[in-house]
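In what follows, a single structure is set out as structure tokens and then discussed.
The residues of the chain are indexed from 1 along the displayed sequence.
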Amino acid sequence: MFSDCPSPATTSFSSSWFKSFCSSSLRSKPLTRGVPLETGEGLVRQLSLLDLIFIGLGCTIGAGIFVICGTAARDVGPGVVVSFLLAGFTCLLNAFCYAELSSCLPAIVGGAYMYSYVAFNELTAFLIFAQLMVDYHISTATIARSLASYLVMLLNIFPFFRENWPGWMVASGVELFGGVLSINLLAPILVLLMTLILCRGLRELTLMNSFMTVTKVLIILLVILIGAFEVDISNWSPFAPNGYKAIITGSTVVAYAYAGYDSIASSAEESKRPQRDLPLGILVCVLSCGVLYIGVCLVITGMVSYKSLGVDAPLAEAFAAKGLKFISVVISGGAVAGLTTNLLGHIYSKSRIYVGLGRDGLLPSIFAKVHPTRHIPIHSQVWVGTIVGIIAGLFDVHRLSHILSVGGLASSSVVSACVVTLRLKHKDTRLTYMLGITTYQKGVICFLGVASCGFLTGLLYQCNASNICILALVVMAVLFAVVLHYNQEYAAPSGFSCPGVPFVPLVCIFFNLFLFAQLHWEAWVRFAVVGIVSIGLYAVYGQHHANLAASDNQHNYHKLPSGESQ
């Protein structure tokens, strides 16, 4: 008779595989102080502080200011200004964390992926990469579709174009298979054009991005200035027609409008003075966007009643309602400029993250290849452009907007935890001995405690639970923060210092998970599915091909300018 029990050989193999997987997944990249020498084939340091700010503004200001401001105001009322303030405050705290890490790790590319690789482990870094890439590819495809829509709208002022647009180039596209596919060839054509510009070189990117960014900012300032003279303060009353809960819920929607400042961190290897310019660029970008968003919200909610705001082009429609149709045309031009820099910046920054994984061996090495004369990762840029173009050309990605932001919120939480982890000094305390846990484990427990409290607070808030339960969770989160503060010692970073460590990073984690709980349930399912698939990909490929020599930073990096080497 055959036994149903597994053979000793099978059991031994499973045990050995599991141990190997655990050992590989827990590897981390050491925080080295030296910077490798130049080889002549790496990314070139040619971005100034102004270039970085323009890249950040280019990636951030787009659909957020031309669409989201109006659509959110329609649901929230004039109180949408407070929604943008709350979302901006949360993003500013996150920006402080990004600023410190970009200053501490100014010589390596990868952004949130690289920070989590250094602070935590290989598997966490790969999971963060996967979650971000799903968000980024879909959101970039959404930008491409929106750009195609605004371009058609702008060209429709000419009778020739208005009468001769083919169906496959209009905003809605041509639907097939009951709407499963929505063919729009203009969007992938625009993606192809942006990819070709990026493949020409970094100089072409900076010139076009700077021109378009200055153009759209000037248009936004013009809109605010002209709109201020058309404001009727009676339109600001009632300020919160749907209650103050709608204002807080609205902040979860408009938080997406601030996404993009992290693209500056992806420019680490190409910045002339990264240790100074990266944190400065990130903070200036977030503050500038906040001021512009609030100004636009005040104008459009003051010009017309929030009930009259449109959905597709609320800003342009608000001026048209006041008889200022020529301003509507200008706004459409600004939207085209804004979405163009959005598309350029997203393809640029996401391709640099692929470079980091290609160097570390978690993806095929072709992603890490840099053109020997143009000093740009052409293969990574073409890959990102191809994926985005396919998604934008075949699907109405606007329908997927409710599953976005989950990757960004998760990565921002991990980045905040990275700040505390990299500053920790090992300190043995009586509490550590009593509980039998290490300093690192205690820190992880506190992180998870704050994150759990934030998520549960968000769920209770969404379910209209009693304020006592919500307050109890907030108090519990504060206790976790106090335990972490008084049982650790923190080293001062060599560059920019995030204020209030560990409290500011922990507040970031709490609010990010609070916003996470407000997302649609399909976003949670997407988060779980992507996580499971990512672990499978890492188990099959990543753990076996990881380039351990990369932990010593032996890449084609160009060294830091004199005086900035860590």
Notebook entry, point to check: Judged by atom type as modelled, is there a donor-acceptor pair below 3.5 Å linking the side chain of E100 to the main-chain atoms of C498?
Noted result: yes
Next item on the list: Can you sort out the partners of S497 under side-chain hydrogen bond (donor to acceptor under 3.5 Å, both in side chains), two or more places apart, ordered by chain and number?
Entry: R423
Notebook entry, point to check: Are the side chains of L49 and R273 in touch, meaning some heavy atoms are under 4.5 Å apart?
Noted result: no
Note to self: Given 3.5 Å as the limit, does a donor-acceptor pair link the side chain of Q543 with the main chain of A539, or not?
What the structure shows: yes
Next item on the list: State, to 0.1 Å, how close T341 and G338 come at their nearest heavy-atom pair, and which atoms those are.
Entry: OG1-O, 2.8 Å
Notebook entry, point to check: Are the side chains of M133 and I353 in touch, meaning some heavy atoms are under 4.5 Å apart?
Noted result: yes
Item checked: Donor-acceptor side-chain pairing of D75 and N242 below 3.5 angstrom -> no
Notebook entry, point to check: If we only count heavy atoms from C-beta on, is the I264 to S102 side-chain gap below 4.5 Å?
Noted result: no
Next item on the list: Would you please classify the geometry between the F21 ring and the Y538 ring as parallel, tilted or perpendicular, with 30° and 60° separating the classes?
Entry: perpendicular
Check: Can you check side-chain contact (heavy atoms from CB on, under 4.5 Å) on V415 and N94, steps first, answer last?
Finding: CA-CA 8 Å; V415 166; N94 287 325; over 6 Å; no
Next item on the list: For D262, check side-chain contact (heavy atoms from CB on, under 4.5 Å) against everything at least two apart and list the hits.
Entry: Y98, Y136
Next item on the list: Would you name the heavy atoms of S116 and A125 that are closest together and state the gap between them?
Entry: OG-CA, 3.3 Å
Check: Partners of S267 by side-chain hydrogen bond (donor to acceptor under 3.5 Å, both in side chains), sequence neighbours excluded?
Finding: Y348
Note to self: With a 3.5 Å distance limit and no angle check, can you tell me whether N342 reaches the backbone of L339 through a side-chain donor-acceptor pair?
What the structure shows: no
Check: Do P78 and P241 have side chains that get closer than 4.5 Å, going by heavy atoms?
Finding: yes
Next item on the list: Show your reasoning for whether side-chain contact (heavy atoms from CB on, under 4.5 Å) applies to V80 and F84.
Entry: CA-CA 6 Å; V80 71; F84 270 97; 4.0 Å; yes
Next item on the list: Give a yes or no answer on whether the side chain of S103 reaches the backbone of A99 with a donor-acceptor pair at less than 3.5 Å.
Entry: no
Notebook entry, point to check: Can you tell me how far the CD1 atom of I61 sits from the SG atom of C289, to the nearest 0.5 Å?
Noted result: 4.0 Å
Margin query: Using only atom types and a distance under 3.5 Å, with no angle test, would you say the side chain of H137 pairs donor to acceptor with the backbone of L132?
Written below: no
Notebook entry, point to check: Say you draw a straight line from CG of L484 to CG of L479; how long is it, rounded to the nearest 0.5 Å?
Noted result: 12.5 Å
Notebook entry, point to check: Does a side-chain heavy-atom distance below 4.5 Å link F514 with L473?
Noted result: no
Next item on the list: Taking side-chain contact (heavy atoms from CB on, under 4.5 Å) as the test, write out the residues that go with W383, two or more places apart.
Entry: Y354, F367, I387
Checklist line | Note: D360-K29 ion pair, threshold 4.0 Å (strictly below) | finding: yes
Note to self: Any salt bridge linking R526 with D135? Criterion: basic side-chain nitrogen under 4.0 Å from a carboxylate oxygen.
What the structure shows: yes
Notebook entry, point to check: Between F527 and F516, is the gap from one ring center to the other below 6.0 Å?
Noted result: yes
Next item on the list: Would you please test L26 and L123 for side-chain contact (heavy atoms from CB on, under 4.5 Å) and show each step?
Entry: CA-CA 7 Å; L26 295 178; L123 181 59; over 6 Å; no
Checklist line | Approximate separation, where rounding is to 0.5 Å, of F129 CZ and S411 OG | finding: 13.0 Å
Item checked: Nearest non-hydrogen partners of V355 and S380, listed with the distance -> CG2-OG, 3.9 Å
Margin query: Below 30° counts as parallel, above 60° as perpendicular, anything between as tilted: where do the rings of H545 and Y541 land?
Written below: parallel
Note to self: Once rounded to the nearest 0.5 Å, what's the spacing between atom CD1 of I509 and atom OG of S416?
What the structure shows: 5.5 Å
Check: Of all heavy-atom pairs between L362 and F126, which one has the smallest distance, and what is that distance?
Finding: O-CE1, 4.0 Å
Item checked: Under-4.0 Å salt bridge between E269 and R352 -> no
Item checked: Between CD on residue E270 and CD1 on residue I55, distance to nearest 0.5 Å -> 7.5 Å
Notebook entry, point to check: When you measure from the side chain of R45 to the backbone N and O of A268, does any donor-acceptor pair fall under 3.5 Å?
Noted result: yes
Margin query: For a quick test of reading the model, state the closest non-hydrogen atom pair linking L57 to S288 and the distance between them.
Written below: CD2-CB, 4.1 Å
Margin query: Is the shortest side-chain heavy-atom distance between V82 and F239 below 4.5 Å?
Written below: yes
Notebook entry, point to check: Taking the inter-plane angle between the rings of F120 and F447 on a 0 to 90° scale, is it parallel (under 30°), tilted (30 to 60°) or perpendicular (over 60°)?
Noted result: perpendicular
Note to self: Could you tell me if the side chain of F496 sits less than 4.5 Å from the side chain of L283, heavy atoms only?
What the structure shows: yes
Next item on the list: Show your reasoning for whether ring-ring contact (aromatic ring centres under 6.0 Å, His included) applies to F89 and F511.
Entry: CA-CA 10 Å; F89 176 72; F511 277 109; 7.2 Å; no
Next item on the list: Would you please test C508 and T90 for side-chain contact (heavy atoms from CB on, under 4.5 Å) and show each step?
Entry: CA-CA 7 Å; C508 290; T90 302; over 6 Å; no
Margin query: Working to the nearest 0.5 angstrom, can you tell me the gap between E122 CD and S25 OG?
Written below: 8.0 Å
Margin query: Testing I53, I282, L287, V284 one by one against Y261 for a side chain to side chain contact (heavy atoms under 4.5 Å, CB included), which residue passes?
Written below: I282
Margin query: The criterion is ring-ring contact (aromatic ring centres under 6.0 Å, His included); which residues satisfy it with Y113, sequence neighbours excluded?
Written below: Y117
Notebook entry, point to check: Do F510 and V474 come within less than 4.5 Å of each other through their side chains, counting heavy atoms only?
Noted result: yes
Notebook entry, point to check: With sequence neighbours excluded, what pairs up with T301 under the side-chain hydrogen bond (donor to acceptor under 3.5 Å, both in side chains) test?
Noted result: W236
Check: Between S83 and I247, which heavy-atom pair has the shortest distance, and what is it?
Finding: OG-O, 2.7 Å
